Amino acid sequence: MTPQDGSEACSILHVDMDAFYASVMLRDRPELRDEPVVIGGGHRGVILAANYPARRFGVRSGMSGRDALRLCPQAVRLSPDYRLFERVSSSVMETFRRVTPLVEAYSLDEAFLDVSGAGRRLGTPLQVAEWLRAQVFDEQQITCSVGVAGTVSVAKLASRRAKPDGVLVVTPERVVEYLHPLDVGELFGVGEKTRAKLLRIGLVTVGDVARIPLPTLQQMLGRASGAHLHQLAWGTDRSSLTPRRSDDDPERSMGAEETFSRDTADPAVISRELLRLSARVTSRMRAAGMTGRTVAIRIRYSDFTTLTRSHTLADPTDVTSLVHAEAFRLFEVLVAQAGQRRIRLVGVRVEGLRPRAGSERQLALGERERGWAEADRAVDLAGRRFGRGVVKPAALLSGDRP
DNA sequence: TCTGGGGTCCTAGGACCC
DNA sequence: TCTGGGGTCCTAGGACCC
């Protein structure tokens with residue numbers, strides 16, 4: 001698109017690392033750089049990232065490891081190193097903040113930047129984008145792509161189109177002509193289901209969606225979703241950022257889930273897994289100083305049907321035994337309703353999080369709960385000092401999973 | 001060896017209150 | 001007494017994203 005980009009109206013950048021997990025893992029394995037490489041995809045797992053040589057075989061992130069290996073048997077499989085990803089991500093975000101404080105970290109490998117104030121120092125948004133790409137490559141030896149536009153969603157679309165290792169500027173006057181020929185599925189927030197729904201009434205392109213009356217769209221997708229999609233189709237979504245760092249963003253819920261290596265219907269095994277997951281979630285909550293009131297479980301059966309059950313407690317908690325007790329109670333109710341079936345995955349999530357300060361529990365039911373809370377803190381302390389998993393609930397000592 | 005694990009937001013219906 | 005509406009909370013499920 002025309003780089004008529006000195007304008008203030010075109011100053012949102014979306015920066016997206018190219019095949020982030022794979023690129024980072026390959027920094028230490030240069031000999032593999034031109035070979036097909038996938039990250040993740042072990043037993044019952046999916047591909048987290050595939051480098052570009054692997055993508056040439058049709059391998060995509062999200063597909064099962066089995067399918068990936070079928071497409072590309074010679075692919076080298078590496079295990080993800082999340083600590084490394086987080087370190088690299090933080091460094092990259094710091095690089096962004098040297099350009100502007102208006103950085104909205106979207107995920108480990110993506111961020112939005114508002115560079116409207118950086119013009120004088122670093123030039124046009126296009127020049128800023130090129131500077132950032134060069135800087136990231138110098139510092140991290142990984143490439144990224146940048147979309148430049150007047151709104152968040154158009155910038156995001158543009159960066160995808162720029163991949164790999166490129167820049168695309170979509171100026172406001174070119175937005176409609178750029179957007180309208182695209183498949184609706186390209187829009188941010190339009191997934192497989194919504195796309196199929198739109199297709200059923202003959203809406204194929206973004207332009208098709210833009211031209212149908214708003215009430216029709218809202219009737220199909222709901223009030224808020226319909227209005228949002230309409231905005232996306234005209235490229236008129238938000239253009240202001242809320243500066244946010246992924247590491248200090250207060251979360252609204254915290255959860256943990258795990259797929260069993262083999263499906264099981266054994267309540268003892270399920271209960272133990274619920275305890276393990278409850279401990280994992282609540283220790284993260286305590287580390288973050290958060291408590292929550294709603295406990296939710298997720299059960300996925302062998303046939304992949306997935307059910308959730310939740311219950312809101314009278315008082316917020318971060319106590320492992322209370323979360324586990326509620327999780328197991330929800331599970332028993334579910335078994336009573338749905339019967340005993342083989343289970344593939346269980347999950348525990350605590351919602352409605354709020355800071356613990358100011359939400360001190362009353363002691364009406366008192367002493368017992370207080371005792372558990374103190375035990376949890378002792379576990380946390382030992383974990384920090386001697387390593388995670390050194391101290392754990394007695395029920396988890398024997399019968400650890402194979 | 002079919003389909004992970006971490007999240008967010010929206011919808012819809014019912015309860016309950018004003 | 002009847003009728004209606006709005007707002008909020010809770011629960012279950014669905015869709016989507018990285």
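Just so we're clear, the structure is a prediction, and the values are computed from it rather than from any experiment. Both backbone and side-chain heavy atoms feed into the values below; hydrogens, waters and symmetry mates do not.
Atom NZ in Lys197(A) sits roughly 7 Å away from atom P in dA15(C) (whole-Å rounding). The interatomic distance linking Phe260(A) (CZ) with dT1(B) (C1') rounds to 18 Å, in whole Å. Between the CG atom of Leu229(A) and the P atom of dC10(B) there is a distance of 14 Å, rounded to whole Å. Here the P atom of nucleotide dG5(B) and the CD1 atom of Ile299(A) are 13 Å apart, to the nearest Å. Straight-line distance from the CD1 atom of Ile343(A) to the C1' atom of dT3(B): 18 Å, rounded to whole Å. Distance, Glu110(A) CD to dC16(C) C1': 14 Å, rounded to whole Å. Following rounding to the nearest Å, Leu307(A) (CG) and dG14(C) (P) show an atom-to-atom distance of 8 Å. Across the protein-nucleic acid pair, Phe112(A) atom CZ and dC18(C) atom P stand 9 Å apart, rounded to whole Å.
Closest approach to the Val46(A) side chain among dT11(B), dG6(B), dG4(B) is made by dG4(B) (side chain taken as heavy atoms from C-beta onward). For Glu258(A), counting side-chain heavy atoms from C-beta on, the closest listed nucleotide (dC17(C), dT3(B), dG5(B)) is dG5(B). Nearest to the side-chain atoms of Arg280(A) among the listed nucleotides dG5(B), dT3(B), dG6(B) stands dG6(B). Distances were taken from every side-chain heavy atom of Arg309(A) (C-beta onward) to each of dG6(B), dC18(C), dA12(C); the shortest belongs to dA12(C). Comparing dC18(C), dA12(C), dG4(B) against the side chain of Phe304(A) picks out dG4(B) as the nearest.
The phosphate of dC10(C) (OP1 or OP2) has no side-chain N or O of His311(A) nearer than 4.0 angstrom. Between Arg195(A) and the phosphate of dA15(C), there is no side-chain N or O to OP1/OP2 separation shorter than 4.0 Å. Residue Lys193(A) places no side-chain N or O under 4.0 Å from the OP1 or OP2 atom of dC17(C). Dashed line: the shortest gap from a side-chain N or O of Ser225(A) to OP1 or OP2 of dC10(B) is not under 4.0 Å. For the OP1/OP2 pair of dG5(B) and a distance below 4.0 Å, the side-chain nitrogens and oxygens of Arg298(A) include no atom meeting the criterion. Neither OP1 nor OP2 of dC9(C) sits under 4.0 Å from any side-chain N or O of Thr312(A). For Arg70(A) and dC2(B), the shortest distance from a side-chain N or O to OP1 or OP2 is not below 4.0 Å. For dG4(B), neither phosphate oxygen OP1 nor OP2 lies less than 4.0 angstrom from any side-chain nitrogen or oxygen of Ser64(A). Look at Arg223(A) and you won't find any side-chain N or O under 4.0 angstrom from OP1 or OP2 of dC10(B). Under 4.0 angstrom from either OP1 or OP2 of dC16(C) there lies at least one side-chain N or O belonging to Thr194(A). A sub-4.0 Å separation between OP1 or OP2 of dG4(B) and a side-chain N or O of Arg344(A) is present.
dC18(C) and dC2(B) have their P atoms separated by 28 Å, with the value rounded to a whole Å.
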Hey, mind stepping through Arg133(A) and Glu130(A) against salt bridge (charged side-chain N to carboxylate O under 4.0 Å, His left out) and telling me if it holds?
CA-CA 5 Å; Arg133(A) 285 170 14 82; Glu130(A) 290 294 12; 3.1 Å; yes
Does the pair Arg87(A) and Asp81(A) meet the rule for a salt bridge (charged side-chain N to carboxylate O under 4.0 Å, His left out), with working shown?
CA-CA 10 Å; Arg87(A) 276 208 306 278; Asp81(A) 179 349; 5.7 Å; no
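Counting non-hydrogen atoms under 4.0 angstrom, Met254(A) reaches the backbone sugars and phosphates but no base. Within the 4.0 angstrom heavy-atom criterion, base atoms lie near Leu48(A). Here Ala296(A) lies out of heavy-atom contact (under 4.0 Å) with every strand. Within 4.0 Å of Arg252(A), counting heavy atoms only, lie sugar-phosphate atoms of the nucleic acid but no base atom. Contact annotation for Gly255(A): backbone-only contact, meaning every heavy-atom pair under 4.0 Å involves sugar-phosphate atoms and none involves a base. Among the heavy atoms of the strands lying under 4.0 Å from Lys156(A) are primed sugar atoms or P, OP1, OP2 only; no base atom is included.
Salt-bridge annotation for Arg97(A) and Glu94(A): present, with a side-chain N of the basic residue lying under 4.0 Å from a carboxylate O of the acidic one. The residues Arg29(A) and Glu31(A) are annotated as salt-bridged, a charged nitrogen and a carboxylate oxygen being separated by less than 4.0 angstrom. A salt bridge is absent between Glu332(A) and Arg329(A); no separation between the charged side-chain nitrogens and carboxylate oxygens falls under 4.0 Å. With respect to Glu192(A) and Arg195(A), no salt bridge is recorded, no charged nitrogen being found less than 4.0 Å from a carboxylate O.
In this structure, Phe20(A) and Phe85(A) have tilted ring planes: the angle between them lies in the 30° to 60° band.
Partners of Ala287(A) by side-chain contact (heavy atoms from CB on, under 4.5 Å), not counting sequence neighbours: none found.
Asp318(A) pairs with exactly one of Arg356(A), Arg293(A), Arg286(A) by the salt bridge (Lys or Arg N to Asp or Glu O under 4.0 Å) rule, that one being Arg356(A).
Donor-acceptor pairing under 3.5 Å is recorded for the side chains of Asp18(A) and Ser145(A).
DNA chain C forms stems at B:5-18 with C:5-18, each a run of 3 or more consecutive Watson-Crick or G-U wobble pairs whose two key distances fall under 3.5 Å.
The residue among Leu69(A) and Gly222(A) whose nearest nucleotide of DNA chain B lies closer to the 5′ end is Leu69(A). When each of Glu251(A) and Arg66(A) is assigned the nucleotide of DNA chain B with its nearest heavy atom, Arg66(A) is the one assigned upstream, toward the 5' end.
With its glycosidic angle more than 90° from 0, dC2(C) adopts the anti conformation.
With centres under 5.5 Å and a plane angle under 30° as the test, the ring of Phe188(A) is not stacked against the base of dC17(C).
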